[in-house]
Amino acid sequence: MRQKPCLQSSDVHTMAAACRAEAEKHKWNVTIAIVDDAGVLLYLDRMDGAASTTAEVAAMKAKTSAITRRPSKFWEDRIKDRPAFMNFPGVLQIQGGLPIMHEGECVGAIGVSGVQSHEDEQIAKAGIDALA
């Protein structure tokens, strides 16, 4: 039987702390979502001042990256050439979600919402970099 790496609680908390630190450094009020490889929510932090809608958007960005094993920006770019991808099931085509890769396997994803999409992705990347 094949063995597959997976996120542990300590990994999730390490990444979440790094994401929060990056957001606080820039005074960005965001929601940070971390999911497992199936897109199941493991962690959600809606910072003070973050809009209520950011919670669902961050979780969907993370789920998109986890289930497709690609940054959510891939899908944002993809629909420019093929608008039919707007109907791809369970995918939110907005930058700000990044898959968490370990030993060639997707073990989860981080999604962030609350500021400009490239800034959301910057926060998610800080979390992934903290695990490396």
Side-chain angles (χ1 to χ4, degrees):
M1 182 174 285
R2 182 172 88 92
Q3 292 185 347
K4 182 180 169 196
C6 66
L7 291 174
Q8 295 182 328
S9 180
S10 60
D11 299 328
V12 171
H13 289 283
T14 296
M15 291 184 296
C19 288
R20 185 174 249 285
E22 182 71 12
E24 288 175 343
K25 178 172 78 173
H26 297 284
K27 297 181 180 13
W28 293 334
N29 299 323
V30 299
T31 296
I32 301 158
I34 302 176
V35 301
D36 68 10
D37 62 325
V40 176
L41 191 62
L42 299 173
Y43 178 90
L44 183 74
D45 179 12
R46 187 174 133 210
M47 296 172 67
D48 293 341
S52 58
T53 56
T54 62
E56 188 169 342
V57 173
M60 281 300 301
K61 287 178 179 182
K63 182 179 180 181
T64 295
S65 290
I67 64 174
T68 65
R69 278 67 172 149
R70 296 179 184 271
S72 57
K73 184 171 182 356
F74 170 85
W75 298 102
E76 182 178 334
D77 293 340
R78 189 81 168 128
I79 60 173
K80 293 173 188 172
D81 296 327
R82 299 211 36 215
F85 276 105
M86 284 291 292
N87 298 321
F88 201 86
V91 171
L92 182 64
Q93 302 91 348
I94 302 173
Q95 182 178 7
L98 293 174
I100 304 164
M101 304 300 290
H102 180 72
E103 296 177 358
E105 298 272 358
C106 180
V107 295
I110 301 176
V112 179
S113 179
V115 287
Q116 296 294 313
S117 292
H118 68 279
E119 296 165 339
D120 290 340
E121 187 173 291
Q122 178 181 330
I123 296 166
K125 185 175 181 328
I128 291 171
D129 289 348
L131 199 58

For V35 and L7, work out which heavy atoms get closest and say how close. O-CD1, 3.9 Å
Tightest non-hydrogen contact, residues H102 and P5, listed as CD2-CB, 3.5 Å
May I ask you to decide if the ring planes of F85 and F88 are parallel, tilted or perpendicular, using 30° and 60° as cut-offs? tilted
Nearest 0.5 Å please: distance from the CG atom of L98 over to the CD1 atom of I123. 11.0 Å
When you check the side-chain N and O atoms of T54 and T31, is any donor under 3.5 Å from an acceptor? yes
What distance separates S117 OG from Q95 CD, expressed to the nearest 0.5 Å? 5.5 Å
Can you see whether Q122 engages H118 through a side-chain donor-acceptor pair at a distance of less than 3.5 angstrom? no
Check: T68/W75 side-chain N/O donor and acceptor closer than 3.5 Å: yes
Flag the pair E24 and R20 as a salt bridge only when some basic side-chain nitrogen lies within less than 4.0 angstrom of an acidic carboxylate oxygen. yes
Under-4.0 Å salt bridge between R2 and E105: yes
Flag the pair E76 and K73 as a salt bridge only when some basic side-chain nitrogen lies within less than 4.0 angstrom of an acidic carboxylate oxygen. no
If you measure from NE2 on H13 to OH on Y43, what distance do you get to the nearest 0.5 Å? 7.5 Å
